Amino acid sequence: MVNITFYKRNGIYYKFVEEGHALFDEAGNDIVCAAISAMTMLVVNSIEVSYSSNVDYKIDGDENRISVTAMDALPEFCTEEKRQYAIAGIMQAYYLELMSMLDDYYDYIDVNEIEEE
């Protein structure tokens, strides 16, 4: 199972951590893993390239773990309001899409969120 935990402050998603394997099918045929991987890289590339913003991401293949942090999603770290909203929107859209996937793939993914102060 892939466990994905989103972190937010004041209701704004700014970080997520993914751990594990979906095990929906064999490696190379696992559509759940492929979807999650593609969406994760879309988030990273959108923030980095489309919005010219820093995104800290770490991939640990040995531990099957990736963490993605975009501090510019938070208003206290980004002075450009439009950029901050765009980045926060991308992070929230990913969360919402994963929640939608739970309807069909609840045996293969788990999505949680943590509200920080």
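Since the structure is predicted, the reported quantities are computational estimates derived from the model, not experimental observations.
Around CD of Glu76, the count of heavy atoms belonging to other residues, nucleotides or ligands within 6.0 Å exceeds 12. Sparse packing is recorded around OH of Tyr57, with 12 or fewer heavy atoms of other residues, nucleotides or ligands lying under 6.0 Å away. The number of heavy-atom neighbours closer than 6.0 Å to CZ of Phe77, taken from other residues, nucleotides and ligands shown, is above 12. Other residues, nucleotides and ligands contribute at most 12 non-hydrogen atoms within 6.0 Å of the CD atom of Glu81. Heavy-atom contacts from other residues, nucleotides or ligands closer than 6.0 Å to CG of Asn54 number 12 or fewer.
Between atom OH of residue Tyr108 and atom CD1 of residue Ile36 there is a gap of 12.5 Å, rounded to the nearest 0.5 Å. Considering CG of Asp72 and CZ of Arg83, their distance stands at 6.5 Å, rounded to 0.5 Å. Interatomic distance, Met71 CE to Lys15 NZ, rounded to the nearest 0.5 Å: 9.0 Å. Taking CD from Glu97 and CG from Leu42, the interatomic distance works out to 10.5 Å, rounded to the nearest 0.5 Å. Atoms CZ and CG, from Arg65 and Asp60 in turn, are 8.0 Å apart once rounded to the nearest 0.5 Å. The line from CD1 of Ile109 to CE of Met1 is 8.5 Å long, rounded to the nearest 0.5 Å.
Taking hydrophobic clusters as Ile, Leu, Val, Met, Phe, Trp and Tyr residues chained together by side-chain heavy-atom distances below 4.5 Å, Val17 does not share a cluster with Met101. Using a 4.5 Å cut-off between side-chain heavy atoms of Ile, Leu, Val, Met, Phe, Trp and Tyr, with links allowed through other members, Val32 and Leu96 fall into the same hydrophobic cluster. The cluster map of Ile, Leu, Val, Met, Phe, Trp and Tyr, joined by side-chain heavy atoms under 4.5 Å apart, puts Tyr14 and Ile66 in different clusters. Under a hydrophobic-cluster definition in which Ile, Leu, Val, Met, Phe, Trp and Tyr are linked whenever side-chain heavy atoms come within less than 4.5 Å, directly or via other members, Leu102 and Tyr13 are assigned to the same cluster.
In this structure, Gly20 and Val2 approach most closely via the heavy-atom pair O-CG2, 3.9 Å. Closest approach of Ala73 and Ile12 over heavy atoms only: O-CG2, 3.3 Å.
Taking 4.5 Å as the limit, every side-chain heavy atom of Arg9 sits out of range of all side-chain heavy atoms of Glu117. The closest side-chain heavy-atom distance from Val55 to Val68 is below 4.5 Å. Residues Ile4 and Leu98 meet the side-chain proximity criterion, which asks for heavy atoms closer than 4.5 Å. The shortest side-chain heavy-atom distance between Ile47 and Met91 falls under the 4.5 Å cut-off. Looking only at side-chain heavy atoms (C-beta outward), Ile31 and Tyr105 come within less than 4.5 Å of each other. With a 4.5 Å cut-off on side-chain heavy atoms, Thr5 and Ile114 count as touching. Contact check for Asp110 versus Asn112: side-chain heavy atoms found under the 4.5 Å cut-off.
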Practice task
Go through Lys8 and Tyr95 one step at a time and tell me if the side chain to side chain contact (heavy atoms under 4.5 Å, CB included) criterion holds.
Solution key: CA-CA 11 Å; Lys8 61 185 183 173; Tyr95 171 80; over 6 Å; no
Practice task
Test Leu74 against Gln84 for side chain to side chain contact (heavy atoms under 4.5 Å, CB included), laying out the working first.
Solution key: CA-CA 6 Å; Leu74 301 171; Gln84 183 262 318; 5.8 Å; no
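The main-chain N or O of Met41 is found under 3.5 Å from a side-chain atom of Asn45 such that the two form a donor-acceptor pair. Asn64 places no side-chain N or O within donor-acceptor distance of the main-chain N or O of Glu19, the cut-off being under 3.5 Å. Remark: the backbone N or O of Leu23 is paired with a side-chain donor or acceptor of Asp30 at under 3.5 angstrom.
Scored by the salt bridge (Lys or Arg N to Asp or Glu O under 4.0 Å) test, Lys58 finds Asp56 as partners (sequence neighbours excluded). Every residue two or more places apart in sequence or in another chain that forms a side-chain contact (heavy atoms from CB on, under 4.5 Å) with Ala86 is listed here: Tyr51.
Listed by first and then second residue, the salt bridge (charged side-chain N to carboxylate O under 4.0 Å, His left out) pairs that reach into residues 40-54 come to none, sequence neighbours excluded.
Residues Glu115 and Tyr7 bring no donor and acceptor atom of their side chains to less than 3.5 Å of each other.
By the 30° and 60° cut-offs, the orientation of the rings of Phe6 relative to Phe16 is tilted.
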